[in-house]
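First up is the structure itself, then whatever we jot down about it.
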Amino acid sequence: MPNVTVIGAQWGDEGKGKIVDWLSERADVVVRFQGGHNAGHTLVVGDNVYKLSLLPSGIVRGTMSIIGNGVVFDPWHFRDEVARISGMGVNITPENLQVSEQCPLILPLHSDLDGAREDASGAGKIGTTRRGIGPAYEDKAGRRALRVCDLAHLDDIGPQLDRLLAHHNALRTGFGMPPVDRDELIVQLRDIAPSVLPFVKPVWTTLRDAKANRRRILFEGAQGVLLDVDHGTYPFVTSSNVVAGQAAAGSGMGANSTGYVLGIVKAYTTRVGSGPFPTEQDNADGEKLGQRGHEFGTVTGRKRRCGWFDAVLVRQAIAVSGVAGMALTKLDVLDGFDMLQICTGYTLDGQPLDHFPAHAAEQARVVPVYESFEGWSESTAGARRWADLPAQAIKYIRRIEELTECPVALVSTSPQRDDTILVRDPFLD
Ligand code: GDP
Ligand code: IMO
Ligand code: MG
């Protein structure tokens, strides 16, 4: 099976976009299978910086790109992102971009609700991107969502809309918001439909044909396993499954089609939004990691929380999502640290613990056990060969492999596309 599934193995922003872009040179199709425009994937190609939230990262190279049924789809954002990225000289047409008919739509009422809930939650807020992701997935599961295919049948949308608005207007009243203007929403949908419909396809047929012709399919995950609605730090998670198993369900392919699972792992840890973070460094080390790594959210501009590498969490993420090999990113950010710390275990109420507990209060109470690690003074920035890495950096990588029980397949040493060390080829493994 020549396919590769890329997923984040921490709390997102591990550098998935860069690695998908790098791999997509040899892929025939790139598919997004979950999440929505809460993602922010940055690709740096020479002087151009592409920030993608909804479009698959393969689009920048012109590779056939598919937005699968598992994605929640904001049509207005789609129109604007297509225009923005096209404006940077990228050719985007229905020949190289397809959107599943089955994607649930994110409407303005979803971001309204996301924001209202966050504002009403005080200290308990999740710190979402406020882009309506959670409410849109709720409506999908609640069987009241409008979907992309409905944009072609707006004359018949009345009964569906009534069901959706009955639910939302009750919630809106509770939050002190005015009811949705039904007529205005229909006008908005009529206005946006022509920007989306040319791209809409039964994308499962494209994937079926690609599979039959033994084309290489690259599945592009968004977020990271620790934000997965089942396996993450619930309730401080996103509302979709992020793990590799979702690649099949969220694209319309069989579970045997997702191929080699490549976990993207940052050489330290970051998190944006609320929730537990055992190795967080709210101090000069955290500041230094954030500054050197430019750790500001692509989507919201929020400062990302930073801390040491947590091998317990990554080992767990790798296990629950079947990761076969990892791409270790942002190694260069650690250049020049005298000492690094790696979390190798926890204690909970004084007792040793070799995994992250499920209960939120226990998650907040675990205390990391650290192993100190001597840093390196040489630069790894821009290294493209294993032999160019300082001995101490290689030791750090080897220790991470040991602790996470997972081999390194790629190492990334700068934001630039080609500053990437290939250790073993995910497409050939
Ligand atoms: P994603 O959401 O997983 O695609 O990651 P983001 O794009 O949100 O965040 C990763 C950031 O790190 C982006 O600004 C990338 O350009 C940058 N980046 C990716 N790989 C490397 C690397 O190896 N070194 C450095 N210094 N930056 C990197
Ligand atoms: P990429 O694909 C980092 C976080 C939000 C918040 C939580 C829920 O760029 O790695 P949501 O809007 O999804 O309901 O927010 O999830 N979050 C991300 N954090 N990277 C992302 O995507 C994220 N997408 C959502 O900050 O804590
Ligand atoms: Mg990101």
Side-chain angles (χ1 to χ4, degrees), residues 6-22 32 34-45 48-54 56-57 71-72 106 110-111 113-115 117-118 125-138 220-229 232-240 242 263-268 270-277 289 291-305 327-335 379-384 410-421:
V6 166
I7 58 163
Q10 291 151 315
W11 277 293
D13 303 327
E14 299 91 348
K16 296 176 291 295
K18 161 171 171 168
I19 300 296
V20 170
D21 169 59
W22 189 82
R32 278 278 308 266
Q34 48 72 232
H37 66 312
N38 50 347
H41 297 176
T42 314
L43 285 56
V44 182
V45 186
N48 288 323
V49 180
Y50 303 93
K51 290 179 186 290
L52 303 175
S53 286
L54 185 55
S57 296
V71 171
V72 281
I106 301 184
H110 292 118
S111 32
L113 184 58
D114 199 352
R117 282 198 183 129
E118 287 286 276
K125 74 175 181 205
I126 292 168
T128 72
T129 59
R130 295 176 174 249
R131 292 194 155 187
I133 305 296
Y137 275 118
E138 288 169 34
E220 176 178 8
Q223 291 80 53
V225 174
L226 304 174
L227 290 169
D228 181 282
V229 67
T233 47
Y234 193 91
F236 301 101
V237 293
T238 192
S239 294
S240 65
V242 166
I264 314 300
V265 177
K266 203 180 274 193
Y268 49 99
T270 62
R271 168 161 214 174
V272 53
S274 323
F277 181 172
L289 287 169
Q291 272 173 16
R292 298 202 43 150
H294 304 291
E295 296 295 355
F296 292 90
T298 316
V299 172
T300 56
R302 286 177 293 176
K303 199 171 169 181
R304 296 176 183 148
R305 300 155 65 192
L328 190 69
T329 61
K330 305 193 87 159
L331 184 68
D332 54 295
V333 173
L334 301 182
D335 293 352
S379 169
T380 66
R384 295 182 181 184
L410 300 169
V411 180
S412 169
T413 57
S414 101
Q416 285 287 349
R417 177 184 271 177
D418 292 321
D419 290 341
T420 306
I421 301 170

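Quick note: numbers below take in every heavy atom, side chains included, and nothing from hydrogens, waters or symmetry partners. Counting from 1, the numbers follow the sequence of the chain as shown. Numbering of ligands and ligand atoms starts at 1, following listing order.
- Backbone and side-chain nitrogen or oxygen atoms of Arg302 are examined, and one is located within less than 3.5 angstrom of a nitrogen or oxygen of ligand 2.
- Here atom 13 (C) of ligand 1 lies nearest to Thr42 when heavy atoms of Asp21, Thr42, Val20 are compared.
- Nearest N/O/S atom of Asp13 relative to the Mg ion (ligand 3): this is OD1.
- Closest non-hydrogen pair, Leu289 versus Val333, comes out as O-CG1, 3.9 Å.
- Across Arg32 and Ala222, no two heavy atoms sit closer than the pair NH2-CB, 3.7 Å.
- Of the protein's non-hydrogen atoms, the one nearest atom 6 (P) of ligand 1 is Gly40 O, 3.5 Å.
- An N or O contact shorter than 3.5 Å is missing between Thr329 and ligand 1 by distance.
- The closest approach between any non-hydrogen atom of Gln223 and ligand 2 is below 4.0 Å.
- Ligand 2 is never approached by Gly8 to a heavy-atom distance shorter than 4.0 Å.
- Under a 4.0 angstrom heavy-atom cut-off, His294 registers as lying outside contact with ligand 1.
- No donor-acceptor contact under 3.5 angstrom links the side chains of Ser57 and Asp21, judged on distance only.
- Numbered from 1 in the order shown, with element, the atoms of ligand 2 that lie under 4.0 Å from a heavy atom of Gly273 read 27 (O).
- The protein non-hydrogen atom at the shortest distance from atom 4 (O) of ligand 1 is Gly17 N, 2.8 Å.
- Applying the salt bridge (Lys or Arg N to Asp or Glu O under 4.0 Å) test between Glu295 and each of Arg302, Arg305, Lys266 identifies Lys266 as the sole match.
- Residue Val237 approaches ligand 2 through these ligand atoms, each under 4.0 Å from one of its heavy atoms: 7 (C), 8 (C).
- Only the side chain of Arg304 comes within 4.0 Å of ligand 1, counting heavy atoms alone; its backbone N, CA, C and O stay farther away.
- Distances between N or O atoms of Leu331 and those of ligand 1 include no value under 3.5 Å.
- For the ligand labelled ligand 2, residue Arg271 lies outside the 4.0 Å heavy-atom shell.
- For Gln34 against Ser240, the heavy-atom pair with the smallest separation is NE2-OG, 3.1 Å.
- Considering Phe277, Tyr268, Phe236 as possible partners of Trp11, the one that fulfils the ring pair (Phe, Tyr, Trp, His ring centres under 6.0 Å) test is Phe277.
- Atoms of ligand 2 found under 4.0 Å from any heavy atom of Leu227, numbered from 1 in the order shown, are 4 (C), 16 (O), 17 (N), 18 (C), 19 (N).
- Those atoms of ligand 2 that come under 4.0 Å of a heavy atom in Ala222, given as number and element, are 2 (O).
- Every atom of ligand 2 is numbered from 1 in the order shown, and the set under 4.0 Å from a heavy atom of Gly127 is 5 (C), 6 (C), 26 (O), 27 (O).
- Ligand 2 has a nitrogen or oxygen under 3.5 angstrom from a nitrogen or oxygen of Val272.
- The distance from ligand 2 to the heavy atoms of Ala39 drops below 4.0 Å at these ligand atoms: 1 (P), 2 (O), 9 (O), 22 (O).
- Geometrically, ligand 2 and Thr129 share a nitrogen or oxygen pair separated by less than 3.5 Å.
- With a cut-off of 2.8 Å, the Mg ion (ligand 3) has no N, O or S atom of Ala222 in range.
- Residue Val44 has no N or O atom closer than 3.5 Å to an N or O atom of ligand 1.
- The heavy atom nearest to atom 5 (O) of ligand 1, out of those in Ala267, Gly12, Gly8, Gly15, is found in Gly15.
- For atom 10 (C) of ligand 1, the closest non-hydrogen atom of the protein is Asp13 O, 3.8 Å.
- At the shortest separation from atom 24 (N) of ligand 1 among protein heavy atoms lies Asp332 OD1, 2.7 Å.
- At under 3.5 Å, not a single nitrogen or oxygen of Gly293, backbone or side chain, sits near a nitrogen or oxygen of ligand 1.
- The contact set between ligand 2 and Trp11, taken as ligand atoms under 4.0 Å from a residue heavy atom, comprises 3 (C), 19 (N).
- Closest to atom 12 (O) of ligand 1, if we only count protein heavy atoms, is Lys330 NZ, 2.9 Å.
- Inclusion of Glu14 in the set of residues having an N or O under 3.5 Å from an N or O of ligand 2 is not warranted.
- Distance alone, capped at 3.5 Å, places no donor-acceptor pair between the Gln10 side chain and the Leu226 backbone.
- Ligand 2 has a nitrogen or oxygen under 3.5 angstrom from a nitrogen or oxygen of Lys16.
- Where the criterion is an N or O separation shorter than 3.5 Å, residue side chain and backbone included, Asp13 meets it with respect to ligand 2.
- Taking distance alone, with nitrogen or oxygen atoms compared against 3.5 Å, Thr238 approaches ligand 2 more closely than that limit.
- For ligand 1, the polar-atom distance check against Ser412 finds a nitrogen or oxygen pair separated by under 3.5 Å.
- Considering backbone and side-chain atoms alike, Ser239 places every N or O at 3.5 Å or more from each N or O of ligand 2.
- The nearest heavy-atom contact from the protein to atom 18 (N) of ligand 1 is Pro415 CA, 3.9 Å.
- Residue contacts with ligand 1 for His41 involve both N, CA, C or O and side-chain atoms from C-beta outward (heavy atoms, distance under 4.0 Å).
- Heavy-atom minimum distance, Lys16 versus Ile7: CD-C, 4.1 Å.
- Of all the heavy atoms of Leu43, none lies under 4.0 Å from any atom of ligand 1, so neither backbone nor side chain is involved.
- In this structure, Thr300 has no heavy atom closer than 4.0 Å to ligand 2.
- With hydrogens and angles ignored, the 3.5 Å screen pairs a side-chain donor or acceptor of Ser274 with a backbone N or O of Lys125.
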